[in-house]
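Each ligand, and each atom within it, is numbered from 1 in the order the structure gives.
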Amino acid sequence: MGKLDNKVAVITGAAGGIGRAAAKLFAQEGAKLMLVDLDETNLLSMVEEIGSDKASYITADVSNVNDVKNYIDKTLSIYKKIDITLLNAGIEGKIASIQDQTDGDFDKVLAVNVRGVWLGLKYTMPVLAENGGGSIVITSSTAGIRATPGLSPYITSKHAVIGLMRAGAMEGAKDKIRVNTVNPSPIETNMIYRIEDEINPNRGNKQPMADNTPLKRYGQPEEVARLMLFLGSEDGSFCTGGVYMCDGGVSGGRSF
Ligand code: NAD
């Protein structure tokens with residue numbers, strides 16, 4: 001028996017590293033999936049890999065209200081309900097100091113990472129409530145509780161979604177909707193390589209973010225997916241309003 005038998009999960013950013021790992025794990029645990037992303041090629045290959053009996057996809061921009069309504073409508077038309085939503089799509093934005101970011105750079109990151117999560121909450125919470133409750137997991141970051149230079153829009157956005165999560169948890173409790181964040185440190189996906197390459201194009205095999213992690217490695221997408229499974233399933237039945245680190249010790253301090 002799977003932990004998510006008879007459950008329906010919507011996963012945004014499903015074509016990326018963490019979303020993909022969550023989709024595979026959730027499918028293994030018995031969930032039916034709606035995979036949401038901008039990247040149709042990767043969505044298609046995932047449906048092929050997971051099986052069209054278990055997964056469907058829709059291309060959508062999570063910052064666009066009509067696209068958000070569409071991904072919910074399509075999920076309901078195929079699966080009739082939603083039990084779990086992973087609001088995971090995100091972009092890192094430009095790496096530059098605050099004075100070298102434009103207002104457009106800032107707005108772009110906030111639109112995807114914050115408005116996208118707010119719209120996801122706004123339009124999935126009534127659907128979960130109708131179904132007697134459910135779980136929403138938002139992907140924040142260690143950048144949601146601390147800062148590093150050069151990523152001010154991203155850092156702002158990942159702090160902001162913790163606020164949204166808490167608001168959602170307080171408003172959703174009466175309808176048995178649990179809302180939590182997962183907060184990964186650098187995880188080995190395309191995003192982290194893009195950031196490392198932009199900071200130092202000549203880095204070669206160097207992995208400074210892994211070296212700065214007390215466990216001395218990047219996390220793997222599957223390690224975040226397991227925390228998402230805990231929070232999404234009955235294992236996390238008393239967990240709501242929480243910030244869940246998955247960070248190799250980054251938030252604990254500094255090890256030498
Ligand atoms: P990724 O770049 O592999 O995946 C991100 C996915 O989001 C991509 O498939 C992309 O197409 C999709 N996406 C971007 N903008 C979108 C939009 N407007 N609408 C729909 N989909 C959109 O990166 P990842 O590491 O898998 O990131 C997943 C989440 O984890 C993000 O929210 C990211 O901020 C967060 N996170 C990542 C790390 C890390 O080190 N990789 C650490 C902490 C938090």
Protein residue, atom and distance nearest to atom 16 (C) of ligand 1, heavy-atom basis: L38 CD1, 3.5 Å
Measure the distance from atom 39 (C) of ligand 1 to every protein heavy atom, then report the residue, atom name and distance (to 0.1 Å) of the closest one. I187 N, 3.5 Å
What part of I91, side chain, backbone, both or neither, has a heavy atom within less than 4.0 angstrom of ligand 1? side chain
closest protein heavy atom to atom 30 (O) of ligand 1 is T139 CG2, 3.2 Å
From the candidates D61, D37, I18, the one that places a heavy atom nearest atom 18 (N) of ligand 1: D61
Below 4.0 Å, non-hydrogen atoms only: which portion of S185 touches ligand 1? Side chain, backbone, both or neither. backbone
After noting the C-alpha distance and the side-chain angles of R217 and E223, does the key distance pass the salt bridge (charged side-chain N to carboxylate O under 4.0 Å, His left out) rule? CA-CA 12 Å; R217 64 175 177 88; E223 295 178 295; 2.9 Å; yes
Within the 4.0 Å heavy-atom cut-off, what A14 brings close to ligand 1 is neither
Could you tell me whether the side chains of S140 and N183 share a donor-acceptor contact shorter than 3.5 Å? yes
In terms of residue, atom name and distance, what is the protein heavy atom nearest to atom 31 (C) of ligand 1? N88 O, 3.2 Å
Side chain, backbone, both or neither: the part of V112 lying under 4.0 Å from ligand 1 by heavy atom: side chain
Quick test of your reading of the model: are K81 and D83 salt-bridged, counting only N-O distances below 4.0 Å? yes
Taking T12 for its side chain and N88 for its backbone only, find out whether a donor-acceptor pair lies under 3.5 Å. yes
Please compare M191, M209, E196 and report which has the shortest non-hydrogen distance to atom 23 (O) of ligand 1. M191
Does NZ or CZ of K74 lie under 6.0 Å from the centre of the six-membered ring of Y57, at an angle within 45° of the ring axis? yes
Among protein heavy atoms, which lies nearest atom 24 (P) of ligand 1, and at what distance? T189 OG1, 3.7 Å
At under 4.0 Å between heavy atoms, which part of R194 makes contact with ligand 1: side chain, backbone, both or neither? side chain
Relative to ligand 1, is R20 under 4.0 angstrom through side chain, backbone, both or neither, heavy atoms considered? neither
With heavy atoms and a 4.0 Å threshold, my read on which part of S140 contacts ligand 1 is backbone
List every atom of ligand 1 that sits less than 4.0 Å from any heavy atom of P186, numbering the atoms from 1 in the order shown and giving each element. 40 (O)
What do we get for Y218 next to ligand 1 when only non-hydrogen atoms under 4.0 Å count, side chain, backbone, both or neither? neither
